[in-house]
Peer 1: 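This structure is in structure tokens; I'll ask about it shortly.
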Amino acid sequence: MSSIWALQDAKSKFSAVVDRACEIEPQIVTRRGKPVVVMISYSEYRALSAPSRSPIDVLLGGPKIEGGLQTPRDKSPARKVVFA
């Protein structure tokens, strides 16, 4: 569970808030009892703000199969073809 700091306390103990955000967990700062800011470590920020990969990139980035993927294919029609 994240620690919750009133804005006045967070201002007066800023170094402690930063230390806890970096070493332990995100820190929530409130103003008039309502959460307004979450302080997180820079590494967490980078992980959250990294560009997401498209599904195509994910599929193309998978392991490569030497010689490609060969699958047998049934060449019969999928349905009966009727010529009128």
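Only heavy atoms go into these numbers, but all of them, side chains included; no hydrogens, no water, no symmetry mates. The first residue of the sequence shown is numbered 1, and numbering continues consecutively from there.
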Peer 1: Is there a path of hydrophobic side-chain contacts, each under 4.5 Å between heavy atoms of I, L, V, M, F, W or Y residues, that connects Trp5 with Phe14?
Peer 2: yes
Peer 1: Taking side-chain hydrogen bond (donor to acceptor under 3.5 Å, both in side chains) as the definition, give me every residue that meets it alongside Ser43, ordered by chain and number, with sequence neighbours left out.
Peer 2: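 Testing Ser43 for side-chain hydrogen bond (donor to acceptor under 3.5 Å, both in side chains), a comparison that skips the adjacent residues, returns Ser41.
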Peer 1: Where is the tightest heavy-atom contact between Ala21 and Gln27, given as atom of each residue plus distance?
Peer 2: N-CG, 3.7 Å
Peer 1: Quick one: salt bridge (charged side-chain N to carboxylate O under 4.0 Å, His left out) pairs with a partner in residues 12-24, sequence neighbours left out?
Peer 2: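 Qualifying pairs: Arg20-Glu25.
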Peer 1: Same hydrophobic cluster for Leu7 and Val36, using side-chain heavy-atom links shorter than 4.5 Å among ILVMFWY?
Peer 2: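 Yes, Leu7 and Val36 fall within the same hydrophobic cluster.
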Peer 1: Mind listing the closest non-hydrogen atom pair of Leu48 and Ile40 along with its distance?
Peer 2: CD1-CD1, 3.9 Å
Peer 1: How long is the span from the OG1 atom in Thr30 to the CG atom in Asp9, to the nearest 0.5 Å?
Peer 2: 8.5 Å
Peer 1: Could you list the residues that satisfy side-chain contact (heavy atoms from CB on, under 4.5 Å) with Ile56, not counting sequence neighbours?
Peer 2: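 Applying side-chain contact (heavy atoms from CB on, under 4.5 Å) to Ile56 gives Ser54, Leu60.
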Peer 1: Suppose we screen for side-chain contact (heavy atoms from CB on, under 4.5 Å). Which residues come up paired with Val37, at least two apart in sequence or across chains?
Peer 2: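 Once residues adjacent in sequence are excluded, the partners of Val37 under the side-chain contact (heavy atoms from CB on, under 4.5 Å) criterion are Val29.
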Peer 1: Are Ile4 and Met39 connected, step by step, through hydrophobic side chains (Ile, Leu, Val, Met, Phe, Trp, Tyr) whose heavy atoms are closer than 4.5 Å?
Peer 2: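 The answer is no; the residues belong to distinct hydrophobic clusters.
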